[in-house]
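Notes for the one structure printed next.
Note on naming: letters A, B, ... go to the chains in the order of the sequence lines (proteins, then strands), and numbering restarts at 1 for each one.
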2 protein chains.
Amino acid sequence: MSKTTAADLIDRLERAGIRPSAQRVAIAGYVLATSEHPSADEVWQRVKTDFPMVSRATVYNTLQLFTEHGLLRQLVLAEGCVVFDPHVAPHHHFVDDVTGRIEDIPWSALRVGKVDQLEGVDVREYMVVVRGRRTRG
Amino acid sequence: MSKTTAADLIDRLERAGIRPSAQRVAIAGYVLATSEHPSADEVWQRVKTDFPMVSRATVYNTLQLFTEHGLLRQLVLAEGCVVFDPHVAPHHHFVDDVTGRIEDIPWSALRVGKVDQLEGVDVREYMVVVRGRRTRG
DNA sequence: TGCTCTATTTAGACTATGTCTAAATATCGG
DNA sequence: CCGATATTTAGACATAGTCTAAATAGAGCA
């Protein structure tokens with residue numbers, strides 16, 4: 001595994017326009033290299049093992065900062081955070097960036113190909129999640 | 001708007017194999033008819049306006065029951081429940097039903113069509129979310 | 001009807017996770 | 001080194017979900 005050095009991390013933060021403090025470098029060292037898709041609290045737990053006195057607020061603020069500067073993406077995929085839909089047949093979803101409102105998109109309105117060619121997975125279901133703005137009511 | 005009667009709701013619950021109590025009918029009256037994609041607490045707040053003494057535990061248990069009997073789906077799309085991904089280029093995601101682990105799927109591994117034909121939306125991003133099981137490591 | 005067994009509901013304690021604030025600390029430019 | 005600004009901190013607070021033991025309601029039956 002290629003180990004990312006502190007100097008590399010500092011460089012990445014600076015190129016993103018972020019001042020590299022010790023806490024930020026420690027957080028970056030984990031979250032910019034992981035493939036685990038951690039929640040904010042998981043990042044906090046993990047970073048604390050190397051950097052025990054970092055506060056929760058710093059981790060949350062830093063993750064927000066990294067996201068604003070394009071180093072991270074936030075995915076609305078945290079397990080256990082669900083919403084209920086009485087429309088049980090397969091369909092896709094549109095999430096309005098402005099209002100947060102979730103709307104159904106009929107299955108036939110989009111076409112998804114090559115799902116059957118995915119290797120090593122037994123697919124139970126899939127859907128497209130589209131995000132953006134409404135241009136009319 | 002076609003009003004769903006209590007008799008209709010009772011009938012749906014019974015056909016799904018659920019004994020229809022007053023609380024369950026009240027919860028069904030809202031959640032099986034809405035297009036709002038509410039969270040569990042939102043369902044509780046809403047149902048309480050008509051049925052003030054319903055407890056939170058009942059609403060949570062009932063939503064779980066409805067889901068198990070196929071009347072509802074749970075969507076992992078609740079706003080504010082995020083996970084972080086340092087892979088900022090567009091890609092899709094696979095969620096393992098067994099472990100909950102989220103894995104990246106390369107953009108090129110799937111094909112999504114007709115997104116540009118969606119009416120009334122200005123698309124910022126989209127992704128496919130695939131759920132299922134791994135068949136090998 | 002009244003009894004008993006089971007299913008359902010309840011209040012509220014508990015936990016986990018995210019937000020906010022005011023104070024303390026660190027860093028930068030001069 | 002100094003003052004101004006940026007950053008971090010502890011911990012209170014808020015919100016949402018889980019759990020439990022006790023109370024209530026309903027079904028089947030004598």
Side-chain angles (χ1 to χ4, degrees), chain A residues 6 9-10 13-14 16-31 36-69 71-72 74-84 100 102, chain B residues 6 9-10 13-14 16-31 36-69 71-72 74-84 100 102:
Chain A
L9 290 169
I10 290 169
L13 296 186
E14 283 176 342
I18 295 171
R19 177 146 24 141
S21 70
Q23 287 87 340
R24 288 173 179 175
V25 172
I27 294 165
Y30 168 58
V31 82
E36 289 173 2
H37 301 83
S39 68
D41 245 54
E42 284 165 355
V43 174
W44 184 44
Q45 297 301 333
R46 180 63 182 269
V47 170
K48 273 198 298 189
T49 66
D50 295 331
F51 202 116
M53 293 311 293
V54 74
S55 78
R56 175 148 48 186
T58 296
V59 172
Y60 279 72
N61 290 339
T62 300
L63 292 172
Q64 192 60 42
L65 187 73
F66 286 3
T67 302
E68 286 162 4
H69 286 74
L71 296 175
L72 290 176
Q74 297 188 356
L75 304 179
V76 181
L77 279 177
E79 281 311 294
C81 291
V82 299
V83 120
F84 294 89
I102 300 169
Chain B
L9 291 169
I10 290 169
L13 296 186
E14 283 176 343
I18 296 171
R19 174 137 38 131
S21 69
Q23 287 87 342
R24 289 172 178 174
V25 172
I27 294 165
Y30 168 58
V31 81
E36 288 173 3
H37 301 83
S39 67
D41 245 54
E42 283 166 355
V43 174
W44 183 43
Q45 296 301 334
R46 180 64 182 270
V47 171
K48 274 198 298 187
T49 66
D50 295 331
F51 202 116
M53 292 311 292
V54 75
S55 79
R56 173 141 62 176
T58 296
V59 172
Y60 279 72
N61 290 340
T62 300
L63 292 172
Q64 193 60 41
L65 187 73
F66 286 3
T67 301
E68 285 162 4
H69 286 75
L71 296 175
L72 290 177
Q74 296 188 356
L75 304 179
V76 181
L77 279 176
E79 281 312 295
C81 290
V82 299
V83 119
F84 294 89
I102 300 169

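In this structure, A/Y60 and A/D41 have side chains that are in contact, with non-hydrogen atoms separated by less than 4.5 Å. Looking at heavy atoms from C-beta onward, B/V82 lies out of side-chain contact with A/T67 at the 4.5 angstrom threshold.
Considering only side-chain N and O atoms, B/S21 lies under 4.0 angstrom from the phosphate OP1 or OP2 of C/dT9. Close to C/dA26, at under 4.0 Å from its OP1 or OP2, lies no side-chain N or O of A/R19. Distances shorter than 4.0 Å separate none of the side-chain N or O atoms of B/Q64 from OP1 or OP2 on D/dT18.
When the nucleotides D/dT8, C/dT21, C/dA11 are ranked by their closest atom to the side chain of B/A57, C/dA11 comes out on top. Here D/dT8 is the nucleotide among C/dG12, C/dT9, D/dT8 with the atom lying nearest to any side-chain atom of A/T58.
A side-chain N or O of A/E36 and one of A/Y30 form a donor-acceptor pair less than 3.5 Å apart.
Atom P of nucleotide C/dA26 and atom CZ of A/R24 are separated by 15 Å, given to the nearest angstrom. Going from atom CD of A/E79 over to atom P of C/dA16 covers 18 Å, rounded to whole Å. Across the protein-nucleic acid pair, A/L13 atom CG and D/dA6 atom C1' stand 15 Å apart, rounded to whole Å. Separating the CD atom of A/Q23 from the P atom of D/dT8 is a distance of 5 Å, rounded to the nearest angstrom. In this structure, A/Q45 places its CD atom 13 Å from C1' of C/dT15, rounding to the nearest Å. Spacing between atom CE of B/M53 and atom C1' of D/dA23 amounts to 13 Å, rounded to whole angstrom units. C/dG12 atom P lies 18 Å from atom CG of B/N61, rounded to whole Å. Note: OH (B/Y60) to C1' (D/dC19) measures 13 Å, nearest angstrom.
With values rounded to the nearest 0.5 angstrom, B/I27 atom CD1 is found 11.5 Å from B/D50 atom CG. Atom NE2 of residue B/H37 and atom CD of residue B/E42 lie 11.5 Å apart, to the nearest 0.5 angstrom.
Residue-to-nucleotide proximity on DNA chain C shows that, of B/R56 and B/A22, the 5′-proximal contact is made by B/A22. Nucleotides of DNA chain D nearest to A/F51 and B/A40 differ in position, and the one nearer the 5' end is that of A/F51.
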